[in-house]
Every structure is written in structure tokens, then in C-alpha cells.
Amino acid sequence: MKTGDILELTIESLGFGGEGVAKVEDFVIFVKGGLPGQVVKAVISKKKKSHAEARITEIIKRTPEEIEAKCAHFGSCGGCKWQNLLYEKQLSFKQQQVTDCLEHIAKMKTPPVLPILSSPQQFGYRNKVEFSFGYANMSIDKTDDEKWVYHDEDPTLGFHKAGKWESVVNIDHCDLISEGMNTVFTRIKEWCLSQDKDVYNQKTNQGFWRQVVMRENHKGEILLNIVTTTGEPFEFFESLRPLLVELNIQSCFLTFFDGVNSYWPDGLIQHFAGDEFIFEEVLGQTFCISPESFFQTNTKGAEVLYSEVIRLLKDVPSKSILDLYCGTGTIGQVVAGADKKKHIIGVELLESAVEDAEDNAKRNGLENVAYFAGKAEKILPEILEQFPKFDVLIIDPPRAGMHPKARKLLSEMGVKNCVYISCNPSTKDGYFETLLLSTVDDNLKKCYDEFLDCIEFKNKSHHKYIMEQLHKLTSPEKPYDFSSDNFKELKDKLIKIFQ
Ligand SMILES: C[S@@+](CC[C@H](N)C(=O)[O-])C[C@H]1O[C@@H](n2cnc3c(N)ncnc32)[C@H](O)[C@@H]1O
């Protein structure tokens with residue numbers, strides 16, 4: 001198989017990136033836009049050692065689960081991947097992906113995966129959206145004297161094109177956000193594009209207008225953030241004020257950012273009009289939302305997720321909880337609100353998020369929570385000195401997973417109950433973390449077996465290592481405390497061996 005080959009493929013499943021997965025004699029081919037059950041003709045666009053990528057040229061057989069996508073921009077827009085697949089089918093594939101990860105990465109034989117929970121809304125559910133300025137038509141040509149010339153046409157505000165990130169699809173409506181946000185988007189887009197300023201060009205890193213970011217709460221109040229490059233004073237935006245009033249914008253920020261990537265929180269974020277926050281309610285608790293703070297993008301979906309955390313902890317002795325990567329404290333505070341006897345320690349990188357978490361706790365009348373700002377991997381040892389014992393860990397790390405140091409520290413704590421929330425279950429690290437932290441008892445059994453094995457083989461260094469692991473897993477507070485019940489089985493075996 002080589003790039004350019006056209007193959008007839010049967011799509012078997014969906015990959016984590018949303019592509020269809022087909023196989024030719026066990027060799028995996030990711031087919032862009034392919035749906036399970038389809039038979040397609042596809043051209044190989046990239047061939048690597050481990051897998052290939054392909055683009056559909058013809059659909060030979062459709063799948064009964066395929067539906068008409070609601071959005072006119074589906075396919076060209078880089079936003080949604082599965083809008084043309086029945087929602088029930090999307091759910092069953094996502095559940096299968098979790099099972100596959102546990103089987104293939106964590107090597108579990110029959111992983112006990114619970115039935116998947118669905119989002120209460122399939123459309124209009126997003127409370128946050130990031131639109132980008134750019135050109136709908138971008139091409140590059142070689143002149144007669146061998147120079148490259150860029151053609152940038154049709155400046156607009158929309159979403160990045162699928163597979164062509166420097167171009168922007170000219171969106172007129174997005175089905176994932178509310179009608180209120182769509183109206184604000186249309187009017188702000190008109191205002192920006194009517195000013196005598198260029199849109200930002202990702203290729204040349206030139207131009208003024210970069211992004212329009214919006215967040216909305218259940219009351220329909222909107223926090224608007226307009227991102228531009230530097231160069232214009234605040235006064236330039238004065239003529240925007242009447243429109244903000246007309247659109248009833250609750251809060252408006254301006255962000256000035258010259259970086260080449262699109263990570264605008266690295267820019268200078270300035271309050272421009274209205275309030276400095278909007279507030280959102282989740283399971284009876286109130287949380288403030290500022291431009292850069294993390295907040296789950298599907299509020300009703302977050303309530304389903306957080307209710308599940310409360311349910312999982314219901315029958316677990318969990319007086320002291322470590323809420324790692326806690327953001328503005330949402331998960332810990334809904335747990336603390338549901339049971340005031342629990343004590344929560346939250347750890348979060350961003351100082352601004354920790355300040356928000358502290359304010360949220362006051363607003364929610366919670367005295368059983370406390371927060372620490374800093375990198376988990378750095379500040380955990382200090383926290384563990386003050387609070388050496390936790391009954392439960394709640395871990396909700398960023399997409400890249402935990403820092404190896406944080407993972408090591410947590411696994412050494414020997415906490416037996418862990419709720420791990422993963423937004424990227426396919427990473428090896430993510431599953432390693434889950435496995436390590438959620439199967440402490442199995443690890444313990446494995447340690448017993450290895451310990452007994454190495455006594456037989458008289459491998460002293462291995463023996464010492466396992467002894468240390470056993471100790472950390474069972475009674476971290478007292479060195480080699482053989483009075484702990486967890487050591488009973490081992491003690492009995494040792495007595496027999498040494499008698
Ligand atoms: C997926 S969010 C979870 C937020 C929160 N649990 C929630 O549900 O709203 C991950 C959080 O981890 C924080 N973070 C990223 N790297 C970190 C680190 N090294 N140490 C501590 N927090 C970190 C981010 O700022 C972000 O707030």
C-alpha cells in the first residue's frame with residue numbers, strides 16, 4: 001500500500017479523532033468522514049509504519065445509522081465530526097472506545113464498564129464558543145520568477161476549515177450554541193468586519209481581528225471577549241459600546257495578543273464593559289465564570305457528570321478528599337455541598353482560578369473546602385506534609401494527563417478510592433494513571449505474589465523494592481508497620497516460610 005492508492009474499504013468502527021477505522025489485513029487505516037458500516041472507495045493520503053490515512057472518493061454502500069446532518073456547514077467546518085450519525089450510535093461507539101482502551105492499553109480482560117450516560121441536549125448545549133477571524137479562500141501560487149504568492153480572499157469570522165486550519169469557514173449559524181449567542185455572533189461579526197481593519201492571517205501572522213469568544217449562563221447572560229493583535233488604543237473600541245448595550249451583553253473583555261499560536265489567554269486581557277464575571281449554577285451551587293477560567297462547556301452535561309461523582313462516593317468512606325486540578329472548585333464544591341461532613345482540599349495551577357474557587361466557596365456557604373495554587377507535581381509534597389491522609393482522590397487533569405511526578409506521588413499515597421475524570425482516555429499515560437490509581441488492591445496482590453517469588457529466588461534488592469511498595473500501599477504513615485490488617489495475609493505466609 002502506498003500514498004495515492006485507491007482501495008475499497010469497510011469501515012469497522014470510529015477512532016478517537018472521529019475518523020472511521022478500516023483494516024487491511026490488520027493494518028489500520030483512518031478514513032476521514034467514514035462511518036461504521038459504510039463500504040467506500042478511498043484514496044490513501046498518508047502512509048506511516050503503524051497506520052495510514054485515507055480520504056473517501058466514493059460511498060459504495062451507506063449505513064442505516066447515517067442521518068442528514070443538521071448543520072449546513074457539516075463536513076467543511078472543522079467543528080463537528082459525527083453529526084451525520086444517530087446519537088444512540090455515537091454513544092455506543094464512545095462506550096466501545098472506553099472498553100477498547102481498558103482492554104488494549106490497560107490489558108484488562110473484561111473491563112467492568114458501566115452504561116454510558118448521555119447529554120441532556122444534543123444541540124444548543126455549549127456554554128462557550130471560540131470563533132476565529134480569517135480568510136475563507138486562501139491559496140498559494142508560484143509566479144513566473146519562481147516566487148510564492150499568497151491569495152487571501154473573503155475575510156470572515158467562523159470556524160477553522162476541516163483539515164485546512166489556516167482558512168476559516170464562513171459560518172452564519174452554529175447549532176451547538178443558543179439562538180442568543182448566534183445573534184451576538186452575527187452582530188459582532190458585522191461590526192468588526194465593517195471597521196477598516198484586516199482580519200488575522202495565520203500564515204503571515206499579520207492582521208488585527210483574531211477571535212470572538214463567548215460564554216453564556218442558563219439565564220442567557222453573555223460574557224464576550226474580542227481578541228485582536230496590539231496596535232489600537234482602547235478608544236478604538238468606543239463605537240462598540242452602543243451595540244453592547246443593544247445586545248444586552250452582561251460583560252465584555254478585550255484581549256490583545258500578538259503570539260503566533262491561537263492561545264489568547266497568554267495575551268493582555270482587559271475588562272471593557274459591564275460586569276467582570278457572569279455566574280452559573282450547577283447542582284444548586286453558584287460559580288463565577290471569567291474569560292480564561294476553565295468551566296465544563298456543556299452545563300447540563302456537567303450536572304450529569306458531577307452527579308455521577310456524588311453517586312460513586314456515596315457508599316465510600318470519604319471524609320477527606322483531594323480534588324486535584326480543581327479549576328474554580330466546581331466538582332469539589334458540589335460534593336462538599338451534598339455532604340457538609342466531607343473536607344475537600346483543592347489543587348490548581350492558576351492563581352486566578354483558585355481565587356475564583358475561594359470566592360465560590362464563600363458564595364456557596366462552604367467552610368469545608370480549602371485551596372492551594374501551583375503545579376500539582378510541585379506543591380503536592382508540601383500539601384501531603386500538612387494533610388498526610390486522604391480517603392479519596394478526585395483527579396480531573398488537563399488533556400495531556402498528569403505530570404509523571406504527580407502520578408508517582410499519588411500512587412505512593414496508597415489511597416484506595418479514586419474518581420478519575422479523563423477528557424482523553426486514549427493516551428497511554430491517561431490509562432496508566434487510571435489503572436495505577438484505581439486498582440491499588442490488585443497491585444497489592446501482585447506485590448504479595450512478587451514478594452513471595454523473590455524470597456524463593458533470594459533476590460534481595462527486588463525484595464527491598466517490593467517491601468517498600470507494600471509499605472506505601474498499606475500503611476504510609478508508619479514505616480513497615482506489620483500490625484496493619486493489610487499485612488495479615490503476607491505475615492502468615494512469611495511466618496510459614498521462615499518457620
Ligand atoms: C480539565 S480542567 C478541570 C477543572 C475542574 N476540575 C472542573 O471540572 O471545572 C484541568 C485543570 O487543571 C489545571 N492544571 C493544568 N496543569 C496543572 C498542573 N500542573 N497542576 C495543577 N493544575 C493544573 C488547569 O488550569 C485546569 O483548571
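Remember, it's 1-based here, ligands and their atoms both numbered in the order they're listed. We number each residue from 1, following the sequence as shown.
Checked against a 6.0 Å centroid threshold, the rings of Phe287 and Phe279 do not count as neighbours.
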May I have the list of side-chain donor-acceptor pairs in residues 371-385 shorter than 3.5 Å, sequence neighbours left out?
{"from": "Tyr371", "atom 1": "OH", "to": "Gln333", "atom 2": "NE2", "distance (Å)": "2.9"}

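In this structure, Lys70 satisfies the cation-pi test against Phe123, with its NZ or CZ atom closer than 6.0 Å to the six-membered ring centre and inside 45 degrees of the ring normal.
If you look at ligand 1, the protein residues with a non-hydrogen atom under 4.0 Å away are Phe294, Gln296, Tyr306, Tyr325, Cys326, Gly327, Thr330, Ile331, Glu348, Leu349, Leu350, Gly374, Lys375, Ala376, Glu377, Asp396, Pro397, Pro398.
Nearest heavy-atom pair across Gln122 and Leu176 is O-CD2, 4.5 Å.
By the side-chain contact (heavy atoms from CB on, under 4.5 Å) test, Ala273 is found to be paired with Arg241, Leu244, Cys252, residues two or more places apart in sequence or in another chain being considered. With sequence neighbours left out, Lys203 forms a salt bridge (charged side-chain N to carboxylate O under 4.0 Å, His left out) with Glu166.
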